[in-house]
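Structure, as structure tokens:
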Amino acid sequence: MSLDDKNTLAVEGGSPVRNTLLPYGHQCIDEDDIKAVVDVLRSDWLTTGPKVAEFEKRFAEMVGAKYAVAVNSGTAALHAAAFAAGIGPGDEVITTPMTFAASANCVLYCGGRPVFADVEADTLLLDPSSVESKVSPKTKAIIAVDYAGQPCDYDALKKITDRHGLILIADACHALGATYKNRKVGTLADMTVFSFHPVKHITTGEGGMVVTDNPDFAVKLRAFRNHGITADHRQREADGSWFYEMAELGYNYRLPDINCALGLSQLKKLDKFVARRRQIAALYDSAFADIPALFPLAQRDDRKSSYHLYVVRLNLSKLNASRLQVFCALRAENIGVNVHYIPVYWHPYYNKLGYGKGLCPVAEKAYEEIITLPLFPAMSDRDAEDVIKAVKKVLSAYAE
Ligand SMILES: *Cc1c(COP(=O)(O)O)cnc(C)c1O
């Protein structure tokens with residue numbers, strides 16, 4: 001076989017499927033977005049101005065929630081939600097290991113202890129029966145993560161939280177625009193958290209949001225993002241008063257008007273972005289249907305994923321290569337694959353806290369076999385075809 005044979009893997013000296021790296025995620029910014037930001041820069045309010053309330057109102061309408069509170073990251077949103085839920089020392093919060101560390105870190109910020117429940121093997125979503133088995137008298141809340149963009153089984157989780165008097169928090173950083181039994185993500189839990197990092201469905205640069213129908217949570221969330229102060233700057237100005245009170249220990253988690261203007265402009269395109277993500281996912285689904293060494297995550301009939309990630313699982317028994325080899329071979333073809341996620345409690349910080357391997361065997365086994373393929377709305381069909389071509393090239397080269 002000559003080295004310019006198109007079947008020779010790039011990792012073995014062949015030519016790559018494409019010449020430039022296709023990242024796994026990327027923002028989608030147009031001239032309207034740029035104009036929206038520039039307009040704010042020319043206005044009187046760079047932060048804590050009218051764009052914040054406008055973004056919150058539009059976002060709440062979009063997801064069907066009563067209240068939305070903007071903060072400056074998804075991580076801050078999780079911290080605020082854990083605070084509003086009243087998590088403190090001695091409390092346990094059940095969550096999944098198959099997530100970004102922030103989903104569990106927010107419990108630690110509040111002095112509580114994350115307890116990891118296992119996931120379902122085919123969806124990698126929190127398994128309600130495992131959650132049930134981890135409930136103890138110390139349990140105060142559940143943080144569900146809509147992994148890859150598919151909502152968890154919220155009816156089953158709600159049954160558990162109702163039975164034990166727990167608060168249900170949805171980490172929906174992957175799932176803006178998704179539905180469960182025709183109900184929108186944002187209406188399924190006591191509080192729902194979103195991120196506006198550039199790889200997510202819409203971006204504000206950095207940013208996050210908590211939505212809720214509960215007015216008490218909304219008040220707590222608002223105070224928490226502003227040092228625990230009960231009145232904001234504009235309200236004080238309107239009252240003609242210098243007086244304010246810091247009632248709780250809060251933070252500066254405010255999202256500037258500059259970012260909110262970008263969020264408002266991006267929000268107009270959310271439906272289009274989600275539709276494009278689903279289109280690319282459908283292209284992948286049909287292209288991979290007959291490859292025995294790989295299977296996409298299962299999608300439940302009663303849910304519609306908004307596909308933050310397209311995750312495939314390798315059937316390593318049908319390959320004479322490891323996941324690492326497949327990963328490196330795809331990278332060499334200039335396909336920006338990634339792995340989401342290392343089980344949270346495998347990180348050294350969690351190890352220091354006493355967590356060890358073996359807690360969630362289903363998640364741990366899945367971790368060894370998953371790869372995330374590029375997926376973002378600005379990808380062309382040609383980009384998607386490159387991904388498909390590279391996956392087929394690499395897996396047939398490594399077929400058992
Ligand atoms: C992105 C993400 C976060 C954190 O959001 P940031 O805006 O980056 O702070 C939290 N949880 C999940 C599941 C995420 O994907």
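Both counts, for ligands and for their atoms, begin at 1 and track the order of listing. Remember, predicted model here, so these are calculated numbers, not experimental data.
For the residue pair Gln279/Tyr307, the side-chain donor-acceptor check at 3.5 Å is not satisfied. The closest side-chain donor-acceptor pair between Thr179 and Asn182, if any, does not fall under 3.5 angstrom. A side-chain donor from one of Ser306 and His201 sits under 3.5 Å from a side-chain acceptor of the other.
A cation-pi arrangement is present between Arg323 and Tyr367 under the rule of less than 6.0 angstrom and at most 45 degrees off the ring axis.
The shortest distance between side-chain heavy atoms of His227 and Asn252 falls below 4.5 Å.
Contact check on Lys57 versus Glu61 returns a salt bridge, with a Lys/Arg side-chain nitrogen under 4.0 Å from an Asp/Glu carboxylate oxygen.
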I'd like a table of the close N/O pairs between ligand 1 and the protein (anything under 3.5 Å), one pair per line with both atom names and the distance.
residue, atom, partner, partner atom, Å
ligand 1, 5 (O), Ser195, OG, 3.3
ligand 1, 7 (O), Gly74, N, 2.7
ligand 1, 7 (O), Ser195, OG, 2.7
ligand 1, 9 (O), Gly74, N, 3.3
ligand 1, 9 (O), Thr75, N, 2.9
ligand 1, 9 (O), Thr75, OG1, 2.6
ligand 1, 11 (N), Asp171, OD2, 2.8
ligand 1, 15 (O), His174, NE2, 2.9
ligand 1, 15 (O), Lys200, NZ, 3.0

